[in-house]
Participant: 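Here's a structure for you.
The residues of the chain are indexed from 1 along the displayed sequence.
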Amino acid sequence: MEYDVVIVGAGPAGLASAIRLKQLEAEAGTELAVCVVEKASELHNDGNYAAPLSQVVRWLGDKAEELGVEIYPGFAAAEQFGLGIKEVWEVPEDHPEFAPGLVQHTLGWPLDAATYGGTFLYHMAPNLVQIKGTHTAMKSGMLAAEAVFDCVRATAEDEEAAYGAEPVGYQAAFESSWIREELHAVRNYKPAFGKWGLYGGVAYSGLSAYVLRGKEPWTFSHDHVDSETTVKSDDPKAKPIDYQPDGKLSFPLLDNLARAVVDHADQPSHLRVKPELASEVLGKARGR
């Protein structure tokens, strides 16, 4: 199968980009084959939505397909991954701690003070929660679509020029858009946690947000790759946490999985083990 544009990931940015490409196609009166590949086994999980973002993505997926975008789920393409756990709790609407639309963020346990991470707790009610960052993801996808469309049209008659051509207009479009200003203001938050840990990161983020307003004349950078901050499972620092579900607020993994009604049987593996490391990794897995 051959396509003019292949987009990796059917999230808000990828789908917004695909939709914008088909809109530009219609405006220009040209034909553009657009494909979206997604690692999830299903894009439409009818009846089981973990958050309003899932509904947004489902709606975007429907609109993209209406415009002629081909979406192929079940493809583990090149993407970045992070470790996360998602749970949905159903509570009575009159629960004293329940506040529809409230978003809470936590830091700390079970992570140590040297590890960046935390939780997002959404008090769910239909269409009340706005997930931070979705609007910037969609806008950046649309800007990318416009830059790619211009690149494809400019090289349409020259296969040699098309090979390896880059949508150079994207950077300029991003720099002149409102999302650049919004993201630039928070650029130092995560690097601050890397430099000074949990408490220093919280202190600096507060200073940047409420005093400096994100206008500090310096920009922190990541001076190492993530893999340098991790340790192997047999390292003395890697102490396992003894979780004991109480059956009230915490439950066994298999019980939660059953309640989630999620089937990943047909989903391809997201992690690839190098052949030379296979015996070592499998040996550790069996030992656990």
Side-chain angles (χ1 to χ4, degrees), residues 1-82 86 122 126-157 162 164-183 267-268 270:
M1 297 181 288
E2 293 186 358
Y3 297 95
D4 296 301
V5 180
V6 175
I7 298 171
V8 178
L15 291 173
S17 182
I19 290 172
R20 184 60 182 144
L21 281 167
K22 299 303 285 188
Q23 290 173 338
L24 292 169
E25 171 199 64
E27 294 171 6
T30 60
E31 292 187 4
L32 198 68
V34 180
C35 169
V36 178
V37 293
E38 164 61 32
K39 66 181 182 297
S41 56
E42 285 190 52
L43 183 61
H44 299 176
N45 186 17
D46 295 332
N48 297 285
Y49 308 125
L53 180 60
S54 299
Q55 298 180 27
V56 173
V57 170
R58 178 193 176 200
W59 180 81
L60 287 172
D62 290 340
K63 293 300 179 183
E65 289 180 325
E66 289 175 7
L67 292 172
V69 176
E70 297 183 31
I71 301 177
Y72 294 101
F75 285 81
E79 296 182 60
Q80 293 183 342
F81 297 92
K86 292 181 284 188
Y122 301 100
N127 302 316
L128 284 182
V129 178
Q130 176 185 2
I131 297 182
K132 188 176 182 179
T134 303
H135 61 302
T136 54
M138 294 177 66
K139 180 61 176 179
S140 64
M142 295 167 67
L143 293 176
E146 292 167 0
V148 168
F149 185 80
D150 290 341
C151 183
V152 170
R153 291 197 67 187
T155 59
E157 304 300 327
E166 296 183 8
V168 293
Y170 173 75
Q171 187 63 34
F174 171 82
E175 293 290 341
S176 61
S177 71
W178 54 264
I179 57 175
R180 191 269 179 190
E181 180 179 355
E182 185 169 320
L183 294 177
Q267 186 167 322
H270 297 172

Participant: Check whether any side-chain N or O of S177 sits under 3.5 Å from a backbone N or O of F174 as a donor-acceptor pair, and report yes or no.
Facilitator: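 Side chain of S177 to backbone of F174, a donor-acceptor pair under 3.5 Å: yes, one is there.
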
Participant: How long is the straight-line distance from CZ of F149 back to CD of E27, given to the nearest 0.5 Å?
Facilitator: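 Going from CD on E27 over to CZ on F149, the span is 8.0 Å.
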
Participant: Which is it for L21 and V152 under the side-chain contact (heavy atoms from CB on, under 4.5 Å) test, yes or no, and what are the steps along the way?
Facilitator: CA-CA 11 Å; L21 281 167; V152 170; over 6 Å; no

Participant: Does any part of the side chain of Y170, heavy atoms only, come nearer than 4.5 Å to the side chain of C151, both counted from C-beta?
Facilitator: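 No; the side chains remain at least 4.5 Å from each other.
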
Participant: Are the side chains of P167 and D150 in touch, meaning some heavy atoms are under 4.5 Å apart?
Facilitator: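 Not in contact.
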
Participant: When L15 is tested against each of V57, V69, I7 for side-chain contact (heavy atoms from CB on, under 4.5 Å), which residue passes?
Facilitator: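 That would be V57.
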
Participant: Testing the 3.5 Å rule here: is there a donor-acceptor pair between the side chains of E70 and Y3?
Facilitator: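 Yes, Y3 and E70 have a side-chain donor paired with an acceptor closer than 3.5 Å.
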
Participant: Within the 3.5 Å criterion, strictly below it, is a donor on E175 or Q171 matched to an acceptor on the partner's side chain?
Facilitator: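 There is such a pair (donor and acceptor under 3.5 Å, judged by atom type) between the side chains of E175 and Q171.
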
Participant: Please report the C-alpha distance between W178 and H135 in whole Å, then the side-chain angles of each, then the deciding distance to 0.1 Å, and finally whether the side-chain contact (heavy atoms from CB on, under 4.5 Å) criterion is met.
Facilitator: CA-CA 11 Å; W178 54 264; H135 61 302; 3.7 Å; yes

Participant: Rounded to the nearest 0.5 Å, what's the gap from OG1 on T30 to CG on L24? Could you check?
Facilitator: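 CG of L24 is found 8.5 Å from OG1 of T30.
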
Participant: Quick one: closest heavy-atom pair of L60 and P12, and the distance?
Facilitator: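 It is CD1-CA, 4.0 Å.
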
Participant: For A10 and E38, work out which heavy atoms get closest and say how close.
Facilitator: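 Distance-wise, the nearest heavy atoms are N-OE1, 2.7 Å.
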
Participant: Find the distance between CD (E65) and CD1 (I19) and round it off to the nearest 0.5 Å.
Facilitator: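 If we round to the nearest 0.5 Å, E65:CD and I19:CD1 are 10.0 Å apart.
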
Participant: Nearest 0.5 angstrom please: E146 CD to S17 OG, how far?
Facilitator: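 Reported value, rounded in 0.5 Å steps: 9.5 Å.
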
Participant: Could you check whether R153 pairs with E25 (Lys NZ or Arg NE/NH1/NH2 to Asp/Glu carboxylate O, under 4.0 Å)?
Facilitator: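 The answer is no: the pair does not qualify as a salt bridge.
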
Participant: So, for I71 and G61, which heavy atoms are closest and what is the spacing to 0.1 Å?
Facilitator: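 Shortest heavy-atom separation between I71 and G61 comes out as CD1-O, 3.8 Å.
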
Participant: Does L32 offer a backbone N or O that forms a donor-acceptor pair with the side chain of K22 under 3.5 Å?
Facilitator: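 Checking the backbone N and O of L32 against the side chain of K22, a donor-acceptor pair under 3.5 Å is found.
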
Participant: Look up atom CE in M138 and atom CG in L143, then write down how far apart they are to the nearest 0.5 Å.
Facilitator: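 Reported to 0.5 Å precision, the distance equals 12.0 Å.
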
Participant: Looking only at atom types and distance, does a side-chain atom of S176 sit under 3.5 Å from a main-chain N or O of A172, one as donor and one as acceptor?
Facilitator: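 Such a contact is found between S176 side chain and A172 backbone.
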
Participant: Which value, rounded to the nearest 0.5 Å, describes the distance between L183 atom CG and T136 atom OG1?
Facilitator: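 The OG1 atom of T136 is 5.0 Å from CG of L183, to the nearest 0.5 Å.
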
